[in-house]
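Below: the structure, in structure tokens.
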Amino acid sequence: MSRKTTNQIVSFIIQTAIAVIVVTIVTMIFFAGIKQAYSFGYDVFGSPPAAPAPGTDKLFVVEEGMSTAQCMENLERAGLIRDKNIALIQEFFYEYAIYPGTYTLNTSMTVKEILAELNEEPPQETTAQASSPSSEAQEEGQTREIIEGDE
């Protein structure tokens, strides 16, 4: 064999090896990307709760003027959701609105359940007038009279 033929064979083997290495690396990156995309999609559309049932009840306050991103960050800090970014995407896709108020949330709730809870406008707090015991007794007495009068 001549030196030129040997160099051509070695060059061909090296080029083939480099091509195989490059294709292997690209394939590994491709499959890692597919795995990440699947995991992300699963979290967005089937997000698991932050903790298994029965979980822990926590009071959560949404203040007036709080942005959705701040609210999600606070939910993540409180341990009610796993990932604020997933929650932001779900809030966008499901078109939920977040109303200010105080909510009792559980760590075993999914992000969608939490968003549905925050989407319900809390009842307006009204200052209930305390009725005096005598007026309650009168009401009960009137009820008794009506019931007794029917007999």
Side-chain angles (χ1 to χ4, degrees), residues 10-148 150:
V10 170
S11 176
F12 175 75
I13 291 172
I14 291 173
Q15 287 176 353
T16 304
I18 290 174
V20 168
I21 290 170
V22 168
V23 168
T24 303
I25 290 172
V26 168
T27 303
M28 288 174 58
I29 290 171
F30 181 72
F31 281 111
I34 288 174
K35 184 178 176 183
Q36 287 295 102
Y38 174 81
S39 177
F40 181 76
Y42 179 80
D43 285 344
V44 168
F45 296 106
S47 63
T56 306
D57 285 337
K58 295 186 177 188
L59 281 177
F60 184 74
V61 178
V62 178
E63 298 173 0
E64 187 75 35
M66 182 183 282
S67 71
T68 303
Q70 289 172 324
C71 182
M72 296 308 156
E73 188 174 319
N74 291 345
L75 282 168
E76 185 178 36
R77 240 186 273 130
L80 291 163
I81 61 174
R82 291 181 183 213
D83 188 354
K84 65 182 176 189
N85 297 323
I86 298 295
L88 283 169
I89 291 170
Q90 283 186 342
E91 187 269 337
F92 175 76
F93 279 138
Y94 296 123
E95 297 179 351
Y96 284 125
I98 297 175
Y99 294 102
T102 301
Y103 301 89
T104 301
L105 304 174
N106 192 294
T107 56
S108 66
M109 295 171 77
T110 63
V111 174
K112 189 173 181 181
E113 292 170 337
I114 290 173
L115 288 172
E117 193 76 26
L118 298 176
N119 190 44
E120 294 178 14
E121 194 167 4
Q124 296 295 331
E125 294 181 19
T126 58
T127 54
Q129 296 177 353
S131 57
S132 64
S134 62
S135 66
E136 287 178 14
Q138 287 175 349
E139 289 176 15
E140 287 178 7
Q142 289 173 352
T143 305
R144 276 194 205 120
E145 287 177 20
I146 294 171
I147 293 173
E148 292 174 0
D150 289 339

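Computation of the quantities below employed the complete heavy-atom set of this structure, encompassing side-chain atoms and omitting hydrogens, waters and symmetry-equivalent molecules.
At distances below 3.5 Å, at least one donor-acceptor pair connects side-chain atoms of Gln90 with backbone N or O atoms of Val44. For Thr16 (side chain) and Phe12 (main-chain N/O), a donor-acceptor pair under 3.5 Å exists by modelled atom type. Judged by distance alone, the side chain of Asn119 and the main-chain N or O of Ala97 form a donor-acceptor pair under 3.5 Å. No donor-acceptor distance shorter than 3.5 angstrom exists from the side chain of Thr56 to the backbone of Thr107, with no hydrogens or angles considered. Formation of a donor-acceptor pair under 3.5 Å by the Lys58 side chain with backbone atoms of Leu80 is not found in this model.
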side-chain contact (heavy atoms from CB on, under 4.5 Å) assessment of Ile98 paired with Met72
CA-CA 10 Å; Ile98 297 175; Met72 296 308 156; 3.5 Å; yes
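Between Leu115 and Ala87, the shortest heavy-atom contact is CD1-O, 3.9 Å. Glu113 and Ser108 make their closest contact through OE1-O, 4.3 Å (heavy atoms, listed as atom of the first residue, atom of the second, distance). Closest heavy-atom contact between Ile81 and Lys84: CD1-CA, 3.9 Å. The shortest non-hydrogen separation linking Gly79 to Ala50 is O-CB, 3.4 Å.
In this structure, Pro48 and Asp43 have side chains that are in contact, with non-hydrogen atoms separated by less than 4.5 Å. Between Phe40 and Ile89, the closest side-chain pair of non-hydrogen atoms falls below 4.5 Å. Using a 4.5 Å heavy-atom threshold, the side chains of Glu91 and Leu118 count as separate.
In this structure, Glu63 places its CD atom where only 12 or fewer heavy-atom neighbours from other residues, nucleotides or ligands lie under 6.0 Å away.
Atoms CD and CG, on Glu73 and Asn85 in that order, are 10.0 Å from each other to the nearest 0.5 Å. Rounded to the nearest 0.5 Å, atoms CD1 (Ile86) and CZ (Phe45) are 9.5 Å apart. Taking CD1 of Ile114 as the reference point, atom CG of Leu105 lies at 5.5 Å (rounded to 0.5 Å). Atom-to-atom distance recorded for Ser67:OG and Leu88:CG is 8.5 Å, nearest 0.5 angstrom. With rounding to the nearest 0.5 Å, the separation of CG in Asp57 from CE in Met109 is 9.0 Å.
Taking the six-membered ring where the residue is Trp, Tyr96 and Tyr94 present tilted rings, their angle falling between 30° and 60°.
No option in Val20, Ile21, Thr27 other than Val20 meets the side-chain contact (heavy atoms from CB on, under 4.5 Å) test with Thr24.
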